[in-house]
Novice: 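Sharing a structure with you now.
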Amino acid sequence: MAGGVSASRRLSSLLDDRRVILCVGSGGVGKTTTTAALGLAAARRGKRVLCLTIDPARRLAQSLGLEWSANEARDVDADLLAAVGVPPPGSLTVMRVDTKVTFDGLVSQLAPTPERRDRILNNVLYRYISTSLAGTQEYMAMEKLHALRDDPRWDLVLLDTPPTAHALDFLDAPERLVGAIDSPAIRWFVEAFEGSGRLSFNLLAKSTATLLRGLGKLTGGGFLEQVAAFISEMNAVFGGWKQRADAVSAALRGKDVAYVLVTTPDPLAIREVRYFAERLQAERMRVDAFVVNRKNPAFPMEAEHTAAALGDIGVTSDAGLLAKCAEALRDASRLAKMDRLHLLSLDPIVEETNAAMVAVPTFASDVYDLEALRQIGDILAP
């Protein structure tokens, strides 16, 4: 398995050479922790760092001395950072991305008039789309990243990608939302509504009008009017919306963007991260690094010899305790061997992409404070 000091140095170089780093992985593999640890490692290099996250862990927020509020950048206290070796002008700022607040801001930016803006923001269908439509969360995370990547307040921006069932949904989110606005069904509604300001079934094909009349009986005519009004208003901002989505999509492929894929030695997590790597390659994006969290450490001595050594140096003379130590070490060695076997399946994709691969050993307790993040940062980017 690739790794060691050289891999850590290559991952470390990303903190110096890139403007944006995206941490990608399925749920439960330590993606948020990895993002925070890399952010702290960059701050210890004197960089001004912004970490964007959708769903921050509460204990991590508390350990950083932060209380989350939507779309507001919160600076980690300078005294806390100084205690873990962050020199001036290094800083660590964290922002929790709120999907609806970001969506509202985008509509306000693109709407040609305040009246159109207010009609969209107050529409019932918009309120649903801006909070619950599949893909909205992913797109708004990318939108916020795009809006902040050139902000001169920060030297490096890290994104903890949204915790979804499909960790790379954000790659398709701009095209999906544009496609939803520019579909044939949407154009039918626009044709039927724009002339009179009310939904007219006479302008639609007979079969479509019949279907929509039936739907209107189930949902109420007012709902269809809301749908038609929303579509008509969104159509007015579509040009700016598509241009913005294209810019967001292009930014994900920029030379100043790095992708760090996060996994554990679990076979399912490895299978998913292999798919992520292959998908990034298919989208003409680089795979810069793999981070393997919670890897069981290997012991250089056989379990019996290690247990005997404990007795030799006077740690204990209890034969029963020594036997339990030997059994625990054998179990740990078996787990370490299984991890090594599972991770062998990553070697081909690591070699093909020429990516760095760094393993973080299992910690004795959960990681949620700055000192533990510093320790992880020293492993990832010494």
Side-chain angles (χ1 to χ4, degrees), residues 1-25 29-49 51 60 81 84-87 90 92 155-161 255-266 269-270 273-274 276-277 280 285-300 336 339-364 367-382:
M1 183 186 74
V5 175
S6 61
S8 297
R9 285 176 178 165
R10 290 169 60 197
L11 179 53
S12 178
S13 70
L14 298 179
L15 303 180
D16 299 320
D17 301 337
R18 304 297 172 86
R19 171 68 178 170
V20 175
I21 296 178
L22 290 89
C23 292
V24 180
V29 297
K31 184 160 49 71
T32 300
T33 300
T34 299
T35 305
L38 286 173
L40 182 59
R44 294 180 68 204
R45 287 163 166 73
K47 288 185 174 290
R48 300 165 300 163
V49 182
C51 285
L60 180 61
L81 293 177
V84 289
V86 176
L92 181 60
D155 303 313
L156 177 67
V157 180
L158 294 103
L159 175 66
D160 172 24
T161 51
K255 293 182 179 179
D256 61 345
V257 177
Y259 287 89
V260 175
L261 275 61
V262 186
T263 186
T264 66
D266 179 81
I270 292 173
V273 86
R274 281 180 58 88
F276 300 157
L280 285 171
M285 299 175 180
R286 293 180 307 278
V287 179
D288 296 283
F290 291 88
V291 171
V292 181
N293 282 321
R294 300 195 290 274
K295 182 177 181 292
N296 288 288
F299 293 94
D339 285 354
R340 290 199 300 274
L341 288 173
H342 294 153
L343 290 169
L344 285 175
S345 63
L346 275 182
D347 282 355
I349 196 75
V350 170
E351 183 176 350
E352 182 181 351
T353 59
N354 194 32
M357 185 172 179
V358 183
V360 178
T362 300
F363 276 48
V367 175
Y368 57 87
D369 61 16
L370 280 172
E371 176 55 30
L373 288 176
R374 183 197 65 77
Q375 294 176 36
I376 295 177
D378 283 343
I379 295 169
L380 295 174

Novice: Measure across A356 and A7 and return the closest heavy-atom pair with its distance rounded to 0.1 Å.
Specialist: CB-O, 3.5 Å
Novice: With a 4.5 Å cut-off on side-chain heavy atoms, are T35 and L159 touching?
Specialist: no
Novice: Working to the nearest 0.5 Å, report the span between CD1 of I379 and NZ of K295.
Specialist: 11.5 Å
Novice: With the threshold set at 4.0 Å, does a side-chain nitrogen-carboxylate oxygen contact exist between K31 and D160?
Specialist: yes
Novice: Rounded to the nearest 0.5 Å, what separates atom CG in L261 from atom CZ in R274?
Specialist: 12.0 Å
Novice: For V86 and L92: C-alpha separation, side-chain torsions, deciding distance, then whether side-chain contact (heavy atoms from CB on, under 4.5 Å) applies.
Specialist: CA-CA 9 Å; V86 176; L92 181 60; over 6 Å; no
Novice: What closest approach, in Å, do C51 and G39 show between heavy atoms, and which atom pair accounts for it?
Specialist: SG-CA, 4.2 Å
Novice: Using a 4.5 Å cut-off on heavy atoms from C-beta on, say whether the side chain of V260 contacts that of V24.
Specialist: no
Novice: Please name all residues satisfying side-chain hydrogen bond (donor to acceptor under 3.5 Å, both in side chains) with R19, sequence neighbours left out, ordered by chain then number.
Specialist: none
Novice: Could you go through V358 and V292, starting from their C-alpha distance and side-chain angles, then the distance that decides it, and tell me whether this counts as side-chain contact (heavy atoms from CB on, under 4.5 Å)?
Specialist: CA-CA 6 Å; V358 183; V292 181; over 6 Å; no
Novice: Measure the shortest side-chain to side-chain distance between L343 and I270 over non-hydrogen atoms and say whether it is less than 4.5 angstrom.
Specialist: yes
Novice: With the side chain counted from C-beta on, respond yes when F290 and I349 share a heavy-atom pair under 4.5 Å apart, and no when they do not.
Specialist: yes
Novice: Is a side-chain N or O of D339 found less than 3.5 angstrom from the main chain of P265, in a donor-acceptor match?
Specialist: no
Novice: Between D155 and R48, does any NZ, NE, NH1 or NH2 come within less than 4.0 Å of an OD or OE carboxylate oxygen?
Specialist: yes
Novice: So, does S8 use its side chain to make a donor-acceptor pair with the main chain of A381 at under 3.5 Å?
Specialist: no
Novice: Between D288 and R10, is the closest basic N to carboxylate O distance under 4.0 Å?
Specialist: no
Novice: Among T264, T34, T263, find the residue that satisfies the side-chain hydrogen bond (donor to acceptor under 3.5 Å, both in side chains) test when tested with N293.
Specialist: T34
Novice: What I'd like to find out is whether the side chain of V49 reaches to under 4.5 Å of the side chain of L38, using heavy atoms alone.
Specialist: no
Novice: If I take atom CG from residue L14 and atom OH from residue Y259, how far apart are they, to the nearest 0.5 angstrom?
Specialist: 13.0 Å
Novice: Applying side-chain contact (heavy atoms from CB on, under 4.5 Å), run through R45 and S12 and close with a yes or a no.
Specialist: CA-CA 10 Å; R45 287 163 166 73; S12 178; 2.4 Å; yes
Novice: In chain order, what residues pass the salt bridge (Lys or Arg N to Asp or Glu O under 4.0 Å) check against R44, with sequence neighbours excluded?
Specialist: D378
Novice: If we only count heavy atoms from C-beta on, is the T353 to R286 side-chain gap below 4.5 Å?
Specialist: no
Novice: Please name the pair of heavy atoms, one in G25 and one in T161, separated by the smallest distance, quoted to 0.1 Å.
Specialist: N-OG1, 4.3 Å
Novice: Give the C-alpha distance, both sets of side-chain angles, the deciding distance and a yes or no for side-chain contact (heavy atoms from CB on, under 4.5 Å) between L346 and M357.
Specialist: CA-CA 9 Å; L346 275 182; M357 185 172 179; 3.6 Å; yes
Novice: What distance separates L15 CG from L40 CG, expressed to the nearest 0.5 Å?
Specialist: 10.5 Å
Novice: Side-chain contact test, heavy atoms from C-beta onward, threshold under 4.5 Å: evaluate it for P361 versus R294 and give yes or no.
Specialist: no
Novice: Is the shortest side-chain heavy-atom distance between R374 and L81 below 4.5 Å?
Specialist: no
Novice: Look only at the side chain of S345 and the backbone of H342, and say whether a donor-acceptor pair between them is shorter than 3.5 Å.
Specialist: yes
Novice: Please round to the nearest 0.5 Å and tell me the distance separating atom CG of D369 and atom CD of Q375.
Specialist: 8.0 Å
